[in-house]
Amino acid sequence: MSFEIKLPLFEGPFDLLLFFIERDELDIYDIPISKITHDFLDYLQHLEKMEIEVASEFILVAATLMKIKSKMLIPRPELDENGEEIDPREELIKHLLEYKKYKSVISDLSEMEAERMTKEKRGNIATELKELSKIDNVESEIQDLDLYKILKVFQKVMAKYVARTDETTHTVIQYPYTIDQQKNFVLDKISFKKRMPFSEFIEYKPDKIFVIYTFLAILELLQLSMVTIKLGEGFNNFWVEKTEEIPA
């Protein structure tokens with residue numbers, strides 16, 4: 001027995017984010033970035049399972065959400081010129097408010113267009129064509145045509161055709177990693193040692209995407225209080241330790 005899952009398609013990534021905000025009645029000025037990132041990535045994963053091509057703009061917003069999430073997890077807030085903490089979500093909120101404003105305007109314009117289409121246009125086309133045919137002598141214009149003019153028109157038509165067919169295509173690469181997989185990987189590695197430097201995770205597989213997913217997995221485990229981190233020796237290195245369970 002087989003079943004089919006149907007997902008709503010959205011006009012763009014901001015349309016999807018607004019859907020999550022309105023669905024869960026969230027405050028757009030105080031977005032729970034962890035929850036909305038999880039919902040956004042979950043939607044993209046469902047699209048990939050259904051073999052629906054994910055546009056590059058969705059991938060870009062997903063990366064932006066993960067970047068904001070990682071900044072909020074690291075206890076080192078950025079400060080502006082006045083010494084006040086900069087909210088990593090500020091730029092995202094600004095874009096969402098602008099998109100929401102233009103989306104409401106588009107809805108009003110669509111209603112105006114639908115109302116305009118129900119009205120009869122002015123003038124009589126058949127009568128106007130007859131009047132134009134009396135003014136312009138079409139037969140004399142045809143007599144002025146030569147092979148060069150016809151060739152120039154053909155070249156313009158072919159150039160427009162090529163411009164329509166040679167559209168830019170985007171290739172979406174599905175990486176063989178997930179945050180949950182890397183969380184299990186980290187916990188498995190530190191279960192054999194009391195602590196483990198981050199450099200050893202990199203040595204295990206020196207791949208850029210692998211390192212990024214592993215780092216985000218460590219941040220998730222840190223938030224869940226399943227591991228602790230301590231500054232280690234070397235540049236950009238730290239120790240990862242498993243949190244000791246408190247006996248009941």
Residue pair Arg195, Val240: steps toward the side-chain contact (heavy atoms from CB on, under 4.5 Å) verdict: CA-CA 6 Å; Arg195 62 179 184 174; Val240 181; over 6 Å; no

Rounded to the nearest 0.5 Å, what's the gap from CZ on Phe238 to OG on Ser199? Could you check? 9.5 Å

Just jot down the side chain to side chain donor-acceptor pair (under 3.5 Å) partners of His95, sequence neighbours excluded, or say none. Glu91

Other ILVMFWY residues reachable from Met112 by side-chain steps of under 4.5 Å: Val105, Leu109

State which residues pass side chain to side chain contact (heavy atoms under 4.5 Å, CB included) with Glu22; sequence neighbours excluded, sorted by chain then number. none

Assess whether atom CD of Gln155 is packed by more than 12 heavy atoms of other residues, nucleotides or ligands within 6.0 Å. yes

Between NZ on residue Lys242 and OG1 on residue Thr228, distance to nearest 0.5 Å: 12.0 Å

Under 3.5 Å, side-chain donor or acceptor atoms of residues 212-225 against the rest of the protein: list the pairs with distances, not counting sequence neighbours.
from, atom 1, to, atom 2, distance (Å)
Thr214, OG1, Gln182, NE2, 2.9
Thr214, OG1, Phe210, O, 2.7
Glu220, OE2, Lys69, NZ, 2.4

same_hphob_cluster(Val61, Tyr102) at 4.5 Å side-chain heavy-atom cutoff: no

Any side-chain heavy atom of Leu17 within less than 4.5 Å of one from Phe14? yes

Considering all heavy atoms, the nearest Ile190-Met196 contact: CG2-CB, 4.0 Å

Heavy-atom check, side chain of Leu187 versus side chain of Met226, under 4.5 Å: yes

Residues pairing under salt bridge (charged side-chain N to carboxylate O under 4.0 Å, His left out) where one sits in residues 27-39, two or more places apart or in two chains, turn out to be Arg23-Asp39, Asp24-Lys35, Asp30-Arg89, Lys35-Asp39

Using side-chain heavy atoms (C-beta onward) and a distance below 4.5 Å, is Phe198 in contact with Val186? no

Can you confirm whether Asp207 sits close enough to Tyr177 that some side-chain heavy atom of one is under 4.5 Å from a side-chain heavy atom of the other? yes

Could you check if a side-chain atom of Leu92 sits within less than 4.5 angstrom of a side-chain atom of Ile33, using non-hydrogen atoms only? yes

Heavy-atom pair of closest approach, residues Lys189 and Phe201: CB-CE2, 3.9 Å

With sequence neighbours left out, the residues meeting side chain to side chain contact (heavy atoms under 4.5 Å, CB included) with Glu203 are Glu200

Can you confirm whether Phe40 sits close enough to Leu44 that some side-chain heavy atom of one is under 4.5 Å from a side-chain heavy atom of the other? yes

